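In each ligand, atom 1 is the first atom listed, and ligand 1 is the first ligand listed. Model, not experiment: these values are computed from the prediction.
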Amino acid sequence: MGSRVTHAPLAEAVTRGDRRALAKAITLIESTRVDHRARADALLDALLPHTGQSLRIGISGVPGVGKSTFIEVLGLHLIAQGHRIAVLAVDPSSSVSGGSILGDKTRMERLSVHGAAFIRPSPTSGALGGVAEHTREALLLCEAAGFDIVIVETVGVGQSETAVAGMTDLFVLLQLPNAGDDLQAIKRGVMELADLVAINKTDLDAAAATRARAQITSALRIFGFHGRAGQRRVPVLQLSAVKGEGIEAFWQAVQAEANERRASGAFDARRRAQREAWLWDIVQARLLADFKSHPGVRHALPRTLAAVDESRTAPTMAARALLDLFKT
Ligand code: GDP
C-alpha cells in the first residue's frame, strides 16, 4: 500500500465491495506500525456506520472434522441464494508455531475464487498478543464491504473458541460421529459456548451419528445447557459436508435461532455485551503494555518476581508495590 493513500478512498472502495480494497484494509489493521494504527483507527471510524448488518457465525471443531469442507459447501449454497460470504480464520497455531492449521492454500478452492466470497486465512497475532486481536476489526470491515454473512472459523484449541464465541452471534461446534463414544471429546467448556452442534461425516456411519446425537444431547442436558425450563435449547444436527447433506437444514436452524433471538432482544443484548467486552479487552491490554514498559516497573520487576517466586513477598504485596511504582 502506497504511503500517500489516505483512508478516504480506501474506505470508499471497501464500501463498494471491492475485495482487493478489503484485503488492503485488513492488512492495514493488522499492521504493527504506529502510523498505520492511526490510519486503521480512522478507517474503522469512517466505516463503522456501514457495519453491523451481517449475521456473524462462529464455527469450530478439531482439525479434520470437516470445517473447510463444510464452510465451502455452506458458502456456495448461500451464495446461490444471493448472499455474500466472508470467511475469517482465527488460528492459534500460527502464533505459537509459525505454521498454520487453517492457512493452507488448497482449502475452499471453489469458494475462494467466487466473486461473492472473501476468504482471509490466519491473521497473525498483533503487538498486544491474543490470537483474535484484529479479527473483530476484520469482521467489521467485511460487513462494511457488504458481506451479509461472516463466518469466523477456528480450531478446537486453546482460548480461540472463547474469543470467536465472543465476537459472533451464533457459535457452531462441529463434531465427529464417534464423539459420543469418547466422553473426553465432549468438553464442558466448549459445549457451554455452543449455540448449535452439528455432527459431520454422518455418511461414514449413520448409526454412530445417531448415537452421537443422542449422547451429545444428553451431555448438554447433564451440563445443564439444554432443555430445562427457562434454559436455552441447543439444536444438535447431522451433516455430511462431502455429500452436501443437511446443509439447508443447518441454515434453517441457524436462521430460526437468529430470528428467535432478534425477537426476544437476546441478539442485540449479546452484541452490546460483546462491544463492551471488546472495549475492556483493549483497555486492559493497553494498560498492561504501558505497565510493563513503565521504567520504574521494568526496573523493579525482576527483583519483585524473584521475591514472589521464592515466597519472600506475597503476590498481593508485590502487585501493590508495582502498581504504586506505575502510578508515580
Ligand atoms: P478441517 O481440518 O476441519 O477443515 O477438515 P477438512 O474440511 O479439511 O476435512 C478433513 C477431511 O475430512 C477431508 O479429507 C475431507 O474430505 C473429509 N470430510 C469432510 N467432510 C466430510 C464428510 O461429511 N464425510 C466424509 N466422509 N468425509 C468428510
Side-chain angles (χ1 to χ4, degrees), residues 57-79 85-114 117-123 131-132 135 149-161 163-165 168 170-182 184-187 190-191 193-194 196-213 216 235-254:
I57 304 171
I59 295 184
S60 184
V62 295
V65 69
K67 292 179 296 300
S68 59
T69 310
F70 172 59
I71 292 169
E72 174 158 84
V73 170
L74 177 69
L76 292 169
H77 182 81
L78 296 176
I79 286 171
I85 317 295
V87 183
L88 302 172
V90 173
D91 183 353
S93 67
S94 63
S95 57
V96 177
S97 64
S100 171
I101 298 173
L102 300 175
D104 60 87
K105 289 233 158 55
T106 54
R107 304 176 86 245
M108 301 183 226
E109 264 172 348
R110 283 179 300 151
L111 190 61
S112 60
V113 296
H114 206 294
F118 177 82
I119 299 179
R120 181 83 176 191
S122 302
V131 285
T135 310
I149 297 168
V150 183
I151 292 174
V152 186
E153 175 189 8
T154 192
V155 286
V157 177
Q159 294 297 303
S160 62
E161 287 171 314
V164 171
T168 49
L170 291 169
F171 185 74
V172 176
L173 185 63
L174 286 189
Q175 289 276 12
L176 291 165
N178 63 0
D181 298 340
D182 176 9
Q184 290 299 311
I186 307 179
K187 287 185 280 174
V190 182
M191 283 290 166
L193 298 173
L196 208 147
V197 178
I199 300 158
N200 189 35
K201 306 197 184 183
T202 53
D203 57 287
L204 289 179
D205 186 344
T210 305
R211 218 163 45 241
R213 187 181 189 175
I216 290 169
V236 182
L237 308 173
Q238 296 186 353
L239 293 172
S240 168
V242 277
K243 298 214 160 164
E245 288 166 10
I247 306 300
E248 178 57 24
F250 172 86
W251 180 237
Q252 294 289 335
V254 164

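Here the side chain of Asn200 pairs a donor or acceptor atom with the backbone of Val65 at under 3.5 angstrom. Using modelled atom types, one side-chain atom of Lys67 and one backbone atom of Val62 make a donor-acceptor pair closer than 3.5 Å. For the pair Gln238 (side chain) and Arg213 (backbone), a donor-acceptor distance under 3.5 Å is absent.
Ranked by closest heavy atom to atom 5 (O) of ligand 1, the top entry among Gly66, Gly61, Pro63 is Gly66.
Residue contacts with ligand 1, taken as heavy atom pairs separated by less than 4.0 Å, involve Asp203 solely via side-chain atoms from C-beta onward. Contacts of Val65 with ligand 1, taken as heavy-atom pairs under 4.0 Å, involve both backbone and side chain. Looking at Val62 against ligand 1, only its backbone comes within 4.0 Å, counting heavy atoms. The parts of Val242 lying near ligand 1 are both backbone and side chain, judged by heavy-atom distances below 4.0 Å.
In this structure, the ring pair (Phe, Tyr, Trp, His ring centres under 6.0 Å) partners of Phe70, at least two apart in sequence or on a different chain, are Phe250. Every side-chain hydrogen bond (donor to acceptor under 3.5 Å, both in side chains) that Asp203 has, sequence neighbours left out, goes to Ser240.
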Practice task
Decide side-chain contact (heavy atoms from CB on, under 4.5 Å) for Lys243 and Thr202; before the verdict, give the C-alpha distance in whole Å, the side-chain angles of both, and the deciding distance to 0.1 Å.
Solution key: CA-CA 10 Å; Lys243 298 214 160 164; Thr202 53; over 6 Å; no

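The shortest N or O to N or O distance between Leu204 and ligand 1 is not under 3.5 Å. At under 3.5 Å, a nitrogen or oxygen of Asn200, whether backbone or side chain, sits near a nitrogen or oxygen of ligand 1.
Under a 4.0 Å criterion applied to the non-hydrogen atoms of Lys67, ligand 1 contributes the atoms 1 (P), 2 (O), 3 (O), 4 (O), 5 (O), 7 (O). Applying the 4.0 Å criterion to heavy atoms of Ser68 picks out, from ligand 1, the atoms 4 (O), 6 (P), 7 (O), 8 (O).
For Leu239 against Gly246, the heavy-atom pair with the smallest separation is CD2-O, 3.3 Å.
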